[in-house]
Amino acid sequence: MRSQTSISQNATPKRSNKRRVFSGIQPSGDVQLGNYLGAMKGWAARQAEKENFFCIVDLHALTVPQAPDELHNQTRSLAAMLLAIGIDPHLSTLFIQSHVAAHAEVCWILNCMTPIGWLERMTQYKDKSSSQESVVTGLLDYPVLMAGDILLYDTDEVPVGDDQRQHVELARDIAQRFNHLYGETFVVPEPFIAEVGARIMGFNDPALKMSKSYSHIRGHAVRLLDEPEEIERTIKRAVTDSGNEIRFSNDPERAGVNNLLVIYKVVTGKEATAVEADFADAGGYGELKSRVAEVVIDELSPIRARYAELMADVTELDRLLARGAERAAAVSEPKAEEIKRKVGLVLPVS
Ligand code: AMP
Ligand code: TRP
């Protein structure tokens, strides 16, 4: 167990010569295995090599209806979860988006130079808005808020799952447009997307991306806090195909088995050939599922235990998040001033 002091964050960070990483995650719904394998696990694994900012994007969560008390609780719970999976406050700045005013402010300025057509083309917007009768402005504007998040930190790399690629591309377009209009201001960020694991599929339907929004549907997702019995039940019920070949495959018909192998590969960190060799003598899909469940349970059990410890002291968690916001503001407030000055706003005299 780590001591309490190990979750303190140091004061103002200096720009190091390490590449700067920024990523975000929404405090909406239960964190699921796709979030972990496609994004969070990699954030933790690479944090010593990079200078990192990880943001709990509560303002993004408001773009779909949220019960206020649930949003409130999930925000803290997500902070504990990020620490539990290994985000180390000595190596990474962890903070809540709404604690740093520059994010919402700069979103407005970027809105005023982002063509609506760029936003209407976003596939996530098209998917999310098509099922709604009345679409709120924030849902369309969501990628501009995300671009501001990234650009405020002169970010080099944005590690995300595949579904966010288009949003990071948009952040690049916005950066280039601003630089063109007002002179060199922003670093043009690059998406960092894992070759394997960037798109974990639902266990109940391997044609559908695993998502927090469906994690309440039985058999869809493994949630990070699920008990071992529940994890086993979900994975044992996973949809596969009528064959018996345990190999990686791009064939949509075999997406269920491929998804199980991808999960096994990312959890164990083994090469694809070693993964297939592990299953060369397997009796069939039943055994594949049992062994995938076993490695997932082993991976998540210590995370669940660490999460429970962290949630037992929310005062400490809140203190840590306050320090994180200070460090984030130390970088983004001066950047926001530069942006305001460049577009012609008068800064208040201090
Ligand atoms: P969100 O749940 O939208 O806040 O996503 C947080 C991070 O998890 C983002 O980087 C997403 O791209 C990533 N992510 C979400 N779902 C999946 C999935 N099914 N497979 C891989 N990565 C995912
Ligand atoms: N839109 C991202 C998602 O839903 C979350 C996010 C918000 C983000 N701001 C970001 C990710 C900045 C990377 C960088 O997953």
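Note that ligands are numbered from 1 as they come in the structure, with each ligand's atoms numbered from 1 the same way. Counting begins at 1 with the first residue of the sequence. Bear in mind that the values here come from a model prediction, so they are computed numbers and not experimental data.
- Using a 4.0 Å cut-off to heavy atoms of Val160, the atoms of ligand 2 that qualify are 11 (C), 13 (C).
- On a distance-only criterion, Asp149 and ligand 2 share at least one N/O pair closer than 3.5 Å.
- When the options Ile150, Leu59, Thr155 are ranked by their closest heavy atom to atom 14 (C) of ligand 2, first place goes to Ile150.
- With 3.5 Å as the limit, one finds no donor-acceptor pair spanning the side chains of Arg20 and Thr155.
- You'll find the ring centres of Tyr125 and His167 outside the 6.0 Å limit.
- Within ligand 2, the atoms closer than 4.0 Å to a non-hydrogen atom of Val158 are 13 (C), 14 (C), numbered from 1 in the order shown.
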Does ligand 1 have any N/O pairs with the protein under 3.5 Å, and how far apart?
unit_1   : atom_1 : unit_2 : atom_2 : d
ligand 1 : 2 (O)  : Asn35  : ND2    : 3.0
ligand 1 : 2 (O)  : Lys212 : NZ     : 2.7
ligand 1 : 4 (O)  : Gln26  : N      : 3.0
ligand 1 : 4 (O)  : Lys212 : NZ     : 3.0
ligand 1 : 5 (O)  : Asn35  : ND2    : 3.4
ligand 1 : 8 (O)  : Asn35  : ND2    : 3.1
ligand 1 : 10 (O) : Gly161 : N      : 3.1
ligand 1 : 12 (O) : Gly161 : N      : 2.8
ligand 1 : 12 (O) : Asp163 : OD1    : 2.4
ligand 1 : 16 (N) : Gln32  : NE2    : 3.4
ligand 1 : 19 (N) : Ile200 : O      : 2.8
ligand 1 : 19 (N) : Met210 : O      : 2.8
ligand 1 : 20 (N) : Ile200 : N      : 2.9
ligand 1 : 22 (N) : Gly34  : O      : 3.2

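- No N or O atom of Ser23 sits closer than 3.5 Å to an N or O atom of ligand 2.
- His220 has its ring centre no less than 6.0 Å from the ring centre of Phe203.
- Between Asp154 and Lys335, at least one side-chain nitrogen of the basic residue sits less than 4.0 Å from a carboxylate oxygen of the acidic one, meeting the salt-bridge criterion.
- The pair Arg19-Glu51 fails the salt-bridge criterion, with no side-chain N (NZ, NE, NH1 or NH2) lying under 4.0 Å from an Asp/Glu carboxylate O.
- Between Phe54 and Phe95, the distance from one ring center to the other does not fall under 6.0 angstrom.
- Given atom 11 (C) of ligand 2, the protein heavy atom at minimum distance is Gly24 N, 3.3 Å.
- When the options Tyr153, Phe192, Tyr142 are ranked by their closest heavy atom to atom 4 (O) of ligand 2, first place goes to Tyr142.
- Inclusion of Gln164 in the set of residues having an N or O under 3.5 Å from an N or O of ligand 2 is warranted.
- Expressed to the nearest 0.5 Å, how far CG of Leu119 lies from NZ of Lys126 amounts to 12.0 Å.
- For the 3.5 Å distance criterion, the side chains of Gln47 and Ser92 qualify, holding a donor opposite an acceptor.
- Residue nearest to atom 10 (C) of ligand 2, selected from Gln97, Met146, His167: Met146 (by heavy-atom distance).
- Look at Glu287 and Arg291 and you find a salt bridge, because one of the NZ, NE, NH1 or NH2 atoms lies within 4.0 Å of a carboxylate O, short of that distance.
- The residues Glu271 and Lys265 are annotated as not salt-bridged, no charged nitrogen and carboxylate oxygen being separated by less than 4.0 angstrom.
- Within the 4.0 Å heavy-atom criterion, neither part of Leu145 lies near ligand 2.
- To the nearest 0.5 angstrom, Ser28 atom OG is 8.5 Å from Leu71 atom CG.
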